[in-house]
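Data first, discussion second: the structure below is written as structure tokens.
Numbered from 1 within each chain, the chains take letters A, B, ... in sequence-line order.
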Number of protein chains: 2
Amino acid sequence: MKEPQSRAGAGRRRVASPEEAAFLDLLRTADRLSRGLAGVLKAESLSPTQYNVLRILRGAPEGLSCGEIGDRMITRDPDITRLLDRLEKRRLISRAREARDRRTVLTRITPAGLALLARLDEPVRQAHRRQLGHLGPARLRALARLLRAARGENG
Amino acid sequence: MKEPQSRAGAGRRRVASPEEAAFLDLLRTADRLSRGLAGVLKAESLSPTQYNVLRILRGAPEGLSCGEIGDRMITRDPDITRLLDRLEKRRLISRAREARDRRTVLTRITPAGLALLARLDEPVRQAHRRQLGHLGPARLRALARLLRAARGENG
DNA sequence: CGATATTATTCGTTATAACGACAAATGTCA
DNA sequence: TGACATTTGTCGTTATAACGAATAATATCG
């Protein structure tokens with residue numbers, strides 16, 4: 001999202017509060033970086049959301065239930081079902097009902113899914129470096145720290 | 001494939017580069033803040049994108065062409081047409097072909113659109129304060145500065 | 001046992017976004 | 001003038017994502 005207010009328009013607008021200024025800078029930056037990542041993922045016809053799910057599943061080889069995936073993301077149950085449907089159709093994940101609690105379905109990443117992620121690891125890392133590397137480790141860590149503080153997670 | 005941290009079975013966390021860590025913190029934070037804003041906009045049944053367009057148009061009372069709106073946003077021409085369609089249907093904007101260059105269509109915000117924005121100004125401001133106010137002006141400005149630096153805009 | 005809660009799923013709807021094709025108006029140049 | 005390219009906006013299509021309502025299967029508790 002870009003911002004209407006930072007340009008000299010005809011209409012005189014109220015001065016942005018520090019909160020709003022930071023908010024808009026945050027959205028602008030996140031948008032730009034997301035698009036960069038999306039461009040990399042496009043090589044594998046993967047949406048950022050799908051990539052996110054695969055990354056989550058790579059971190060949990062034992063498998064996750066639909067609800068656990070939802071907890072690690074933000075989208076809700078019905079949507080996760082359809083998101084997983086698409087990934088399953090591409091054989092990137094597998095789903096199996098558990099014997100213990102037959103209500104739950106364990107979702108796992110397949111070897112094909114792992115291979116796809118592996119193909120993306122290096123391009124993704126390069127995209128991050130290309131987009132943020134010029135800040136240097138010190139400022140990157142300062143930025144990450146401020147962002148966590150913004151979410152109330154520390155400092 | 002090199003996998004710095006692939007302990008068999010428990011590949012829970014991989015080492016994130018400072019770039020990736022900052023990137024993920026950025027997306028997480030932007031996502032949370034966006035959802036907060038979306039919740040406020042929902043009271044007026046407005047999507048963040050629609051809100052963005054209205055804000056842009058409020059800053060340009062003389063009207064903007066479809067392309068100019070596109071320049072200030074990221075979505076492309078064909079999509080903006082339909083985005084404007086929905087806003088026009090709600091009488092929040094008006095469109096009129098210009099006499100000078102009859103190819104272009106000037107879009108303006110209507111009084112109803114301005115009134116809607118005015119109703120949202122205070123709740124939006126409050127949401128920003130609620131979400132980011134605890135950082136204080138100094139850290140907010142530091143954050144905004146780092147974000148601009150991340151985008152390569154010095155300042 | 002029955003009532004209730006949980007889990008995953010289905011269906012319907014809306015908005016967003018990308019891609020391509022196309023028409024209208026205009027400008028350019030031979 | 002007329003052929004051609006350009007700009008601008010429209011339309012069709014597809015995929016994705018998010019929200020709501022509802023259902024089936026299962027588990028849990030009184």
Notebook entry, point to check: Where do Val124(A) and Leu37(A) land on the side-chain contact (heavy atoms from CB on, under 4.5 Å) test, with the steps shown first?
Noted result: CA-CA 7 Å; Val124(A) 165; Leu37(A) 178 63; 3.8 Å; yes

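- Separating the CD atom of Gln50(A) from the C1' atom of dT16(D) is a distance of 8 Å, rounded to the nearest angstrom.
- Applying the 4.0 Å criterion to OP1 and OP2 of dA17(D), one finds that Ser47(A) has a side-chain N or O inside that range.
- Remark: P of dT7(D) and CG of Asp71(B) are 13 Å apart, rounded to the nearest angstrom.
- With Leu57(A) as reference, Thr107(A) is the one residue of Asn52(A), Leu92(A), Leu117(A), Thr107(A) to meet the side chain to side chain contact (heavy atoms under 4.5 Å, CB included) rule.
- Residue Ile109(B) holds its CD1 atom at 9.5 Å from OG of Ser94(B), rounded to the nearest 0.5 Å.
- The C1' atoms of five pairs define one axis at each end of the helix from dC1(C)-dG30(D) to dA30(C)-dT1(D), and these two axes lie 10° apart (to 10°).
- Between Arg141(A) and Glu19(B) there is no salt bridge, since no side-chain nitrogen of the basic residue lies less than 4.0 Å from a carboxylate oxygen of the acidic one.
- Under 4.0 angstrom from either OP1 or OP2 of dT14(C) there lies no side-chain N or O belonging to Lys42(B).
- One can place CG of Leu41(A) at 17 Å from P of dA17(C), the figure rounded to the nearest angstrom.
- The ring pair (Phe, Tyr, Trp, His ring centres under 6.0 Å) contacts involving residues 33-64 of chain B comprise nothing, where partners must be two or more places apart or lie in separate chains.
- Regarding Arg90(A), its CZ atom lies at a distance of 12 Å from the P atom of dA15(D), rounded to whole Å.
- One can place CG of Leu83(A) at 9 Å from P of dT16(D), the figure rounded to the nearest angstrom.
- Remark: Lys89(A) is not in phosphate contact with dA15(D), judged by side-chain N or O atoms under 4.0 Å from OP1 or OP2.
- Counting heavy atoms from C-beta on, the side chains of Arg125(B) and Asp121(B) never come closer than 4.5 Å.
- Met73(B) is not connected to Val105(B) by any chain of hydrophobic side-chain contacts under 4.5 Å among Ile, Leu, Val, Met, Phe, Trp and Tyr, and they are in different clusters.
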Next item on the list: Would you give a per-nucleotide map of nucleotides 2-11 of chain C, 5' to 3', where B means the base has a protein non-hydrogen atom under 4.0 Å away, S means only the sugar-phosphate does, and - means neither?
Entry: ----BSSBBB

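- One interatomic measurement links the two molecules: CZ of Arg100(B) to P of dT26(C), which rounds to 11 Å at whole-angstrom precision.
- Considering only heavy atoms from C-beta on, Ile80(B) comes within 4.5 Å of Ile69(B) through its side chain.
- In this model, a donor atom of one side chain and an acceptor atom of the other lie less than 3.5 Å apart for Thr29(A) and Arg151(B).
- Distance Arg76(A) CZ to dA22(D) P: 14 Å, rounded to the nearest Å.
- One can place CZ of Arg102(B) at 13 Å from P of dT10(D), the figure rounded to the nearest angstrom.
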